[in-house]
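The structure appears below as structure tokens.
Everything quoted here is computed from the prediction, not taken from an experiment. Computation of the quantities below employed the complete heavy-atom set of this structure, encompassing side-chain atoms and omitting hydrogens, waters and symmetry-equivalent molecules.
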Amino acid sequence: MRKIGVFGWGVTAPKSKNIQAFADNLTKPESWLELFDGFGPSNFLVGKPDFNFSDYKPWIDKRFPPNRYFQLTEKMDFTSLFAIGSFIQALEQNPGIEKVLQELESQTHVYIGTGLGSIPTINEASVGLYKAQRQWNRFWASPGNNSALQDYLSLSPQEQMAYADVPANPETAATAEEKEHTEESWWHFWCHQSPELKKYLQALAEIDAMPIEGEVESGKLKLIKEKQRLKGKLQQQWQAPLPPWESVSANLLWNIHSTPAAQISMLGKIHGLSMAPVAACSTFNVCLKMAIDVIQSGEAKAVIIGATESYPIPHTVGAFSRARVAASGKDVSRPLTSLRGTHVSGGAAVWIVGDYTFMTSKGFKPLGMEPVSVGTSSDAAHIITPSEKGPQIAIRQALEKAGITANEITTWDLHATATPGDYMEISNFKSLIPDNILASARKGTFGHGLGVSGGWELTAQYMCYEKGYMLPTSLDKKSLNNEINTLHDKFVYSEQCPLPQHGYAGKLSMGVGGINACVISKPLKR
């Protein structure tokens, strides 16, 4: 069995613009959350990443033409930019590792996942399309651009009643709200009836049907310019708004789930497989499992893994709230206490993991701990409420792969989201793990970044073992939930505490949809 090591890590998180700030903030028990203003004034707290992509401009400018940085800022949303910044940080932990990752060619892989994906880009494109479609329908449904509507309006009310499929005329609406609703249906219907629109589309089709002539590359550019000229002339002729399909930004295509991994492969000049595992809140742990598997098989010697989520926006905060898992009060809701719900956060965590023997032979220093195994499972039950059996399967599988017994585990990091699921989670691990285990829960500190949370939590766990003591959490012993307290009371509270002298560390993540991933790690021999 090949030994695995972590040889680089980078983080973007609330109040933590880089891995050093993350490490410094972990020494304090204070929350990293702030009020969310996406709805205007509200009571929601969220974790907004401290991030400025310009911090990474010198690194990019050193390796690429000047326009590359601006291409990234114009085309990429923060889901990719957070991951890129964290990747650049990860390279800095072991100077020279960038060159080795490139020299490995296809034996360096990139697995960067995301839970929600590029929701801000989808939202922006959706809003733009809605506005453009509304303007388009209104234009072609106006009597001046629709002779069919002119004919209809010239009929008497009695004659119009014969057209049963025609929606209600907005002019007959009794209220402003009713008018707004009926406008949509009216414009949509009459847009489809417009003979003038049919003429416009026929002329547009003739322009689009023009073929490339002569040499392909030069002919292509010439044709694109000619089509643009003719389309502009057509728009001027009809005085029409741009078609709705012209309003959708190509950035929607450039920001699909695999984009963060693809961008890291391009910026890192890495030729191995790049892809985006998507496993909700278990994404980072699943990426780690895949990395361990391909390194153990010999297919790869190094894998860049990670997860990334964009800034909290109304869609994500609102969805968590409607799912009854988000806290809506102005006070921080801490895991294992009042169980009022979690707080939505954004950011990224990126690690460089590799074959320990190979990487250390190159002079690279391992960080944190040794990831030994990852167990995975599905609840096959409820989409959001954790089951008893699913997480237990993942834990047992991780222990079996690690070749250890539960009695050898001495610390454990919980998924704990400050929801009633915390009780089930404690109950589950208590059925398998010894009573004297020291447990930590950190989502009260930096919130719930969905896929990236496991990365933040594992990084914090590994940093504890580097320092030799458990870093504080936001948990106050006096506020521990009474029922949870009857199950287990040995937790990391708001002050640092000693690490157990020996033993392994466990980390469980439980994703929406019932996706579980348990990581077993052991201390490095220094």
Side-chain angles (χ1 to χ4, degrees), residues 14 31-48 114-117 119-120 122-123 278-283 307 309-347 378-391 414-429 441-454 456-457 473-475 479-485 487 508-517:
S31 166
W32 305 357
L33 306 174
E34 57 187 286
L35 277 170
F36 180 61
D37 59 4
F39 298 113
S42 76
N43 294 332
F44 292 101
L45 292 174
V46 296
K48 297 179 183 177
T114 174
L116 293 169
I119 298 290
I122 296 170
N123 170 53
V278 177
C281 319
S282 296
T283 294
E309 304 288 349
S310 193
Y311 285 100
I313 64 172
H315 295 66
T316 54
V317 177
F320 270 66
S321 177
R322 287 299 299 275
R324 305 292 184 264
V325 293
S328 57
K330 291 184 178 181
D331 295 328
V332 176
S333 181
R334 293 171 172 83
L336 314 177
T337 58
S338 60
L339 310 183
R340 289 188 288 108
T342 192
H343 302 284
V344 181
S345 294
S378 291
D379 287 350
H382 195 274
I383 194 168
I384 200 163
T385 302
S387 74
E388 180 178 346
K389 185 176 181 180
L414 298 158
H415 181 69
T417 57
T419 61
D422 291 6
Y423 180 84
M424 174 63 78
E425 184 180 358
I426 298 292
S427 179
N428 261 334
F429 100 79
R442 299 191 181 274
K443 287 188 177 68
T445 300
F446 40 62
H448 193 348
L450 208 73
V452 70
S453 286
W456 292 339
E457 289 158 345
T473 72
S474 62
L475 180 61
S479 61
L480 187 65
N481 181 273
N482 287 333
E483 287 199 47
I484 289 176
N485 190 40
L487 290 175
L508 178 67
S509 290
M510 302 185 295
V512 174
I515 308 168
N516 308 295

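The distance from the CD atom of Glu425 to the CG atom of Leu487 is 12.0 Å, given to the nearest 0.5 Å. Separation of atoms OG1 (Thr316) and CG (Leu116) is listed at 6.5 Å; rounding is to 0.5 Å.
Pairing each heavy atom of Ser345 with each of Gly447, the nearest pair is OG-CA, 3.3 Å. Pro386 approaches Met510 most closely through the heavy-atom pair CB-SD, 4.0 Å. What you find for Thr283 and Ala307 is that their closest heavy atoms are CG2-CB, 4.1 Å. Here the shortest heavy-atom pairing between Ala381 and Ser387 reads CB-CB, 4.4 Å. Residue Ser282 comes nearest to Ala517 through the heavy atom pair OG-N, 3.8 Å, listed as atom of the first residue, atom of the second, then distance.
Looking only at distances, no side-chain donor or acceptor of Asn485 sits under 3.5 Å from a matching main-chain atom of Leu480. No donor-acceptor pair closer than 3.5 Å links the side chain of Thr337 to the backbone N or O of Ser479. At distances below 3.5 Å, not a single donor-acceptor pair connects side-chain atoms of Thr445 with backbone N or O atoms of Thr473. Proximity of a side-chain donor or acceptor of Glu309 to a complementary backbone N or O of Gly451 within less than 3.5 Å is detected.
With sequence neighbours excluded, the residues that form a side chain to side chain contact (heavy atoms under 4.5 Å, CB included) with Val278 are His257. The salt bridge (Lys or Arg N to Asp or Glu O under 4.0 Å) check on Glu457 picks up Lys443, Lys507, with sequence neighbours excluded. Remark: Ser338 pairs with Arg340 by the side chain to side chain donor-acceptor pair (under 3.5 Å) rule, at least two apart or across chains. Listed by chain and number, the residues in a ring-ring contact (aromatic ring centres under 6.0 Å, His included) with His448 are His415 (sequence neighbours excluded). Residues that satisfy the salt bridge (Lys or Arg N to Asp or Glu O under 4.0 Å) test with Asp37, not counting sequence neighbours, are Lys48.
The side-chain heavy atoms of Val317 and Phe39, taken from C-beta on, include a pair separated by under 4.5 Å. Side-chain contact between Ile426 and Leu336 is present, with heavy atoms from C-beta onward closer than 4.5 Å. Between Thr417 and Asp422 the shortest side-chain heavy-atom distance falls below 4.5 Å. Between Phe429 and Pro391, every side-chain heavy-atom pair lies at or beyond the 4.5 Å cut-off. You'll find the side chain of Ile119 stays beyond 4.5 Å of the side chain of Ser310, heavy atoms only. Residues Trp456 and Pro14 have side chains in contact (heavy-atom distance under 4.5 Å, counting atoms from C-beta outward). Inter-residue side-chain proximity for Val46 and Tyr311 is flagged as unmet; no heavy-atom pair is nearer than 4.5 Å. Using a 4.5 Å heavy-atom threshold, the side chains of His343 and Ser333 count as touching.
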Side chain to side chain contact (heavy atoms under 4.5 Å, CB included) between Ile383 and Val512, worked out: CA-CA 6 Å; Ile383 194 168; Val512 174; 4.3 Å; yes
Apply side chain to side chain contact (heavy atoms under 4.5 Å, CB included) to residues Asn516 and Asp379 and explain how you reach the verdict. CA-CA 8 Å; Asn516 308 295; Asp379 287 350; 2.8 Å; yes
Table please: side-chain donor-acceptor pairs of residues 318-331 below 3.5 Å, with sequence neighbours left out.
{"residue": "Arg324", "atom": "NH1", "partner": "Ser321", "partner atom": "O", "Å": "3.4"}
{"residue": "Arg324", "atom": "NH1", "partner": "Arg322", "partner atom": "O", "Å": "3.2"}

